[in-house]
Amino acid sequence: MKSGQEAVIIIGGGIIGISCAHYLVDAGYKVTVIEQGTIAGACSHGNCGYICPSHVLPLTTSDAIWDAARSLFNSAATFRVKPRFDAAFVSWMWQFVKRCNQRDMLKAAGHLHAILSSSMAEYHKLLGEDEMGSQWRRSGLMYVFQTEVGLSDFANTDELLTDQFGVTARRIESAELPELDVALRPDLAGAYLYEGDASIRPDRLSKAWTEKLIRAGVQFVEGCTFLGLEKKTDAVSQIITSHGTMQADHFVLATGAVSAKLAKHFGTDIPIEPGKGYSITMEKPQDGPEYPMLLPEHHVGVTPFDDGLRLGSMMEFVGYDRSIPKSRLQQLRQSTQLYLQSQLPTTNLEEWYGWRPMTWDSLPIIGQVPGFANAYLATGHNMLGLTLAPATGKLISETVQRQTPHIDPEPFSPDRFR
């Protein structure tokens with residue numbers, strides 16, 4: 001137990017805030033998590049549940065520029081940029097485009113590889129003996145291709161991942177696919193299976209993890225909005241919330257896609273744009289699928305749970321838009337159906353959207369807030385929040401304790417934007 005049991009308030013109750021709470025209470029801190037909505041009710045709820053160390057390459061590929069440009073004239077594009085005359089967004093896009101080259105992509109990938117590997121190791125520790133009802137599956141993640149061209153192009157990506165990072169997949173030829181997963185059509189080109197990946201049902205993990213932390217003494221306060229702070233010299237003295245003022249020794253901002261707005265209370269600008277995505281959850285067809293899979297040619301993720309099937313996709317830069325267009329949900333169904341032998345259930349059990357916290361260099365923001373001795377950022381995880389949660393929580397705990405970090409934190413520091 002920490003001497004005097006110092007207190008930490010975590011602003012934001014998504015999977016990142018939950019993970020930070022885990023490592024901080026484990027270190028002996030008194031932890032309170034405040035959340036303006038419900039715990040793990042945003043992107044931590046409806047994502048596809050991948051724990052994917054294979055996702056080494058950032059979004060800043062050379063193809064991303066052309067995908068973004070073409071999307072300006074195509075509202076159905078899976079990667080869509082809606083023109084907005086907003087200075088922060090224009091600046092974000094300019095910085096993003098500047099990094100869409102091989103050199104910057106590989107540099108960011110190297111940093112992602114380190115934190116992805118750390119997070120996977122932590123997940124094995126957390127869920128190795130007690131999966132907490134999360135439907136933890138270690139069957140890997142399969143990238144399935146409809147055409148020979150798509151399969152051939154991805155072979156180059158797999159070779160790059162193998163050569164540069166030692167992340168390699170097992171190639172599965174067309175004839176093997178139905179034997180591996182009976183749900184898949186026999187006329188598909190083939191697939192690559194990253195056997196080191198895993199999947200969980202994210203809402204089940206969040207619920208069980210939260211309950212475990214409550215038993216450990218963590219206090220969760222829902223419906224509590226962060227409104228501002230008071231500063232004394234170089235430290236936060238207290239925060240102002242819809243529930244009144246709250247005091248602590250340390251403060252962590254872990255509010256996902258809205259972090260850029262709230263970080264201004266700390267006198268800092270962080271380049272985060274909301275990357276909107278969608279998912280639908282339905283009953284699981286009787287004949288599968290059994291493997292979590294990505295369909296790169298149609299940019300769709302398919303995740304089978306014990307009690308359902310989830311389809312997710314899209315990356316829309318449309319601001320903080322809350323709509324769920326039926327056309328997008330139908331697009332998910334139509335794209336997935338091209339790969340499956342049987343018909344999908346006609347009824348959706350859940351229809352969902354979420355805002356991913358996208359940074360222009362594809363790296364998360366983890367570390368001390370510039371100018372504050374007791375405030376920290378844990379945000380900007382792009383599409384990898386669930387995957388990177390444990391490593392993030394561990395880094396935050398190490399930073400608060402002034403311990404030597406288990407991986408190099410410099411690439412993720414908020415100082416890189418100054």
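In this structure, OG1 on T303 lies 8.0 Å from CG on L309, to the nearest 0.5 angstrom. Once rounded to the nearest 0.5 Å, the distance linking CD1 of I280 with CG of L329 reads 6.0 Å. One finds the CZ atom of R138 at 12.5 Å from the CD1 atom of I51 (value rounded to the nearest 0.5 Å). Separating the CG atom in L213 from the CD1 atom in I39 is a distance of 10.5 Å, to the nearest 0.5 Å. Once rounded to the nearest 0.5 Å, the distance linking CD of Q146 with CG of L151 reads 12.0 Å. Rounded to the nearest 0.5 angstrom, L363 CG and N382 CG are separated by 7.5 Å.
A donor and an acceptor atom, one from each side chain of Q330 and R333, are nowhere located under 3.5 Å apart. With hydrogens and angles left out, the side-chain atoms of Y23 and E122 include a donor and acceptor closer than 3.5 Å. W352 and H45 share no donor-acceptor pair across their side chains, judged by distance under 3.5 Å alone. For N47 and R356, the side-chain atoms include no donor-acceptor pair closer than 3.5 Å. Side-chain N/O atoms of D197 and S54 include a donor and acceptor closer than 3.5 Å.
Heavy-atom contacts from other residues, nucleotides or ligands closer than 6.0 Å to NZ of K107 number 12 or fewer. Within 6.0 Å of CD in E283 there are 12 or fewer heavy atoms belonging to other residues, nucleotides or ligands. Atom CD of E410 has 12 or fewer neighbouring heavy atoms from other residues, nucleotides or ligands inside a 6.0 Å radius.
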Between D26 and K394, does a salt bridge (charged side-chain N to carboxylate O under 4.0 Å, His left out) hold up when you go through it step by step?
CA-CA 10 Å; D26 193 52; K394 188 172 182 178; over 6 Å; no

Go through the steps to decide whether H265 and L253 satisfy the test side chain to side chain contact (heavy atoms under 4.5 Å, CB included), and finish with yes or no.
CA-CA 11 Å; H265 290 289; L253 184 66; over 6 Å; no

Under the side chain to side chain donor-acceptor pair (under 3.5 Å) rule, what do H55 and T387 come out as? Steps first, then yes or no, please.
CA-CA 9 Å; H55 274 43; T387 298; over 6 Å; no

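A heavy-atom distance below 4.5 Å is not found between the side chains of E273 and F96. In this structure, the side chains of E350 and R310 come closer than 4.5 Å at one or more pairs of heavy atoms. Here the side chains of F412 and I407 are in contact, with some heavy-atom distance below 4.5 Å. No side-chain heavy atom of S19 sits less than 4.5 Å from a side-chain heavy atom of T392. Proximity of L294 to Y50: side-chain heavy atoms (C-beta onward) are separated by under 4.5 Å at one or more points. Within the 4.5 Å cutoff, no side-chain heavy atoms of D321 are placed close to those of E316. Annotation: side chain of S139 is in contact with side chain of P292 (closest heavy-atom distance under 4.5 Å). Taking the side chain as every heavy atom from C-beta outward, K326 and E351 approach each other to under 4.5 Å.
Side-chain atoms of Q368 come within 3.5 Å of backbone N or O of F372 as a donor-acceptor pair. When atom types are taken as modelled, the side chain of S259 and the backbone of G256 share a donor-acceptor pair closer than 3.5 angstrom.
Classification of the Y192-F145 ring pair by plane angle, with boundaries at 30° and 60°, yields perpendicular. Using cut-offs of 30° and 60° on the angle between ring planes, the pair F417 and W360 is perpendicular. Classified by interplanar angle (parallel below 30°, tilted 30° to 60°, perpendicular above 60°), the ring pair F226/F266 is parallel. Taking the six-membered ring for Trp and thresholds of 30 and 60 degrees, H250 and Y376 have ring planes inclined between 30 and 60 degrees apart. Aromatic ring pairs are classed by plane angle as parallel below 30°, tilted from 30° to 60° and perpendicular above 60°; the pair W136 and Y123 is parallel.
In this structure, K284 pairs ionically with E290, as a charged nitrogen and a carboxylate oxygen lie closer than 4.0 Å. For D307 and R204, the salt-bridge test passes: some basic side-chain N is under 4.0 Å from an acidic carboxylate O.
The cationic group of R84 lies under 6.0 Å from the six-membered ring centre of F89 and within 45° of the ring axis, placing it in a cation-pi geometry.
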